[in-house]
Protein chains: 2
Amino acid sequence: MATVEEPTRPAVRTRDAARTRAEILDVATQEFARAGYTGARVDEIAARTRTTKRMIYYYFGGKEQLFTAVLERAYSQIRQAEQEVDVDHLDPVAAIRRLAELTFDHHEAHPDFIRLVAIENIHEAEHMAASEQLGALNSPAIEVIRRILDAGRASGLFSADIDAVDLHAMISSFCFFRVSNRHTFGALFGRDLVAAEQREHYRTMLGDMVIAYLTADRSEA
Amino acid sequence: MATVEEPTRPAVRTRDAARTRAEILDVATQEFARAGYTGARVDEIAARTRTTKRMIYYYFGGKEQLFTAVLERAYSQIRQAEQEVDVDHLDPVAAIRRLAELTFDHHEAHPDFIRLVAIENIHEAEHMAASEQLGALNSPAIEVIRRILDAGRASGLFSADIDAVDLHAMISSFCFFRVSNRHTFGALFGRDLVAAEQREHYRTMLGDMVIAYLTADRSEA
DNA sequence: TTACTAACGAACCAGTTCGTACATTAGGAG
DNA sequence: CTCCTAATGTACGAACTGGTTCGTTAGTAA
């Protein structure tokens with residue numbers, strides 16, 4: 001019943017450009033991943049931030065550039081993870097399997113990233129094209145794959161003459177599809193590709209598939 | 001220089017419910033595939049039709065139901081194509097390879113369908129869930145795969161104990177990724193997965209991969 | 001202490017977008 | 001030929017949305 005108005009606490013507007021910028025990126029990542037580029041609302045992003053819409057335009061310029069910034073950060077995080085991969089101590093077969101599993105795990109752990117990539121493909125990668133930072137700077141994973149492939153062929157273990165980028169595509173396609181198409185696949189076949197009980201099953205299947213392809217006996221062909 | 005106004009031809013408003021409905025679906029499919037669900041504009045769909053926006057609401061009820069109808073038709077077309085598959089005269093290895101190639105070809109030939117599926121996944125298949133027609137009625141392809149797998153195992157050619165739905169996922173993931181992620185993959189690695197020169201390369205790679213997995217020597221495992 | 005600027009907030013605006021109310025007519029049933 | 005209704009077209013509006021204008025203030029350099 002108190003008719004006394006709350007003094008609407010001054011909220012001690014502390015100034016911290018880096019924090020504000022990062023917070024906008026965090027929220028924007030969620031919102032874009034949730035609703036797609038067009039479906040994401042700048043007002044909604046601002047509302048879920050401790051700052052205002054004005055700041056989004058102040059720091060990023062607009063919705064398009066904000067999405068580009070979101071993509072840039074997401075990809076830079078993935079590259080960072082890839083750089084920490086260490087499979088040099090393993091034999092080629094084990095190394096490839098390990099790498100496939102790491103890719104599998106990373107996709108599963110970052111569904112928002114998968115969604116962002118799917119969304120960017122709907123828009124034909126126009127935001128990536130507009131980014132200087134994202135210009136064809138190769139993923140570290142490719143170099144790792146290349147080294148393992150060379151070793152595997154040198155030792156006679158690998159018969160397939162696939163190159164690193166194509167092998168990366170093969171591994172990624174399985175990992176990506178499992179997460180990206182989870183919902184339509186589930187609706188059509190009543191099977192949840194990302195169900196916890198199935199995790200080991202699919203992880204093993206991926207490794208088996210890649211190794212089988214690389215080591216297949218092609219002498220009869 | 002004729003200042004005589006064109007009589008704005010009466011356009012002979014012929015009435016044909018089926019045609020109007022089908023035309024709306026055609027244009028809507030393009031527009032949704034182009035811009036995503038949220039990005040698609042009802043006014044734009046109407047403008048590219050020989051009828052008006054009023055008819056979209058008259059026949060479909062609204063944007064959501066229109067998108068659901070688009071998905072229903074797209075999936076029914078795919079099922080129709082799957083039903084025409086005939087691989088019964090082939091041995092299991094050749095049959096699986098042929099089936100994989102047909103899936104490959106279908107994905108390549110229908111990029112709009114791929115985009116619609118990707119878009120529907122962004123929306124967590126909520127429109128498919130709202131459809132009675134799309135309720136878990138299995139794809140004919142699954143039955144075909146099941147038969148081939150049984151035959152392959154019976155004859156001792158296939159060693160892998162994978163089930164039909166998972167094999168379908170394996171094949172689809174490669175075909176789907178190649179089309180759906182064409183743009184981001186191209187931007188990152190400078191390689192166009194859908195380039196015509198590469199078509200045979202990837203088609204063969206898919207078949208090799210699936211056959212290698214199914215026939216891999218697991219005696220040493 | 002003062003002055004200056006980077007960082008910030010509230011309110012607003014113009015264009016858009018889905019959806020609807022109302023009026024009209026083609027074409028078939030009788 | 002007449003009447004009835006499924007089918008169609010026009011015009012409009014309320015809510016939303018990206019972006020901007022204008023004014024304020026925290027922190028800091030001198």
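- In this structure, A/I56 places its CD1 atom 16 Å from P of C/dA7, rounding to the nearest Å.
- For C/dG9, its base sits under 3.5 Å from the side chain of A/R54 at one donor and acceptor pair at least.
- Nucleic acid contact for B/A46: none, since no nucleic acid atom lies under 4.0 Å from a heavy atom of the residue.
- The pair B/D105-B/R199 meets the salt-bridge criterion, since a charged nitrogen lies less than 4.0 angstrom from a carboxylate oxygen.
- Residue B/T20 places at least one side-chain N or O closer than 4.0 Å to OP1 or OP2 of D/dT8.
- The interatomic distance linking A/K63 (NZ) with D/dT20 (C1') rounds to 17 Å, in whole Å.
- The side chain of A/R15 has C/dA7 as its nearest neighbour among C/dA7, D/dA7, C/dT17.
- B/R41 comes within contact range of the sugar-phosphate backbone alone, with a heavy-atom separation under 4.0 Å but no base atom that close.
- Taking the ring axis of B/F32 as reference, the NZ or CZ atom of B/K63 does not stay both within 45° of it and closer than 6.0 Å to the ring centre.
- A perpendicular orientation is assigned to the rings of B/H123 and B/H127, their planes being inclined by more than 60° (bins at 30° and 60°).
- Distances shorter than 4.0 Å separate none of the side-chain N or O atoms of A/Y57 from OP1 or OP2 on D/dT21.
- Atom-to-atom, CG of A/D16 to C1' of D/dT28 comes out at 15 Å; the value is rounded to the nearest Å.
- The aromatic rings of A/H168 and B/F185 sit parallel, their planes meeting at an angle under 30°, below the 60° perpendicular limit.
- For the pair B/D43 CG and D/dG13 C1', the computed distance is 13 Å after rounding to whole Å.
- If you check every strand for non-hydrogen atoms under 4.0 Å, A/F60 touches nothing.
- Nearest-nucleotide positions on DNA chain C place A/Y58 closer to the 5' end than the other of A/K53 and A/Y58.
- Projected onto DNA chain D by closest heavy-atom contact, A/T38 and B/M55 fall at different nucleotides, the more 5' of which corresponds to B/M55.
- In this structure, the CG atom of B/L66 is 16 Å from the P atom of C/dT17, given to the nearest Å.
- Computed from coordinates, the A/E23 CD to C/dG9 P distance equals 10 Å when rounded to whole Å.
- Electrostatic pairing of B/R203 and B/E200 counts as a salt bridge here, judged by a charged N lying under 4.0 Å from a carboxylate O.
- Atom-to-atom, CD of B/E64 to P of C/dC18 comes out at 11 Å; the value is rounded to the nearest Å.
- Using a 4.0 Å heavy-atom cutoff across all strands shown, B/R21 reaches no nucleic acid atom at all.
- Remark: P of D/dA7 and CZ of B/R19 are 13 Å apart, rounded to the nearest angstrom.
- Residue A/T51 is classed as a sugar-phosphate contact, given heavy-atom separations below 4.0 Å to backbone atoms only.
- Comparing atom distances between the A/T52 side chain and each of D/dG27, C/dC18, C/dA10 picks out C/dA10 as nearest.
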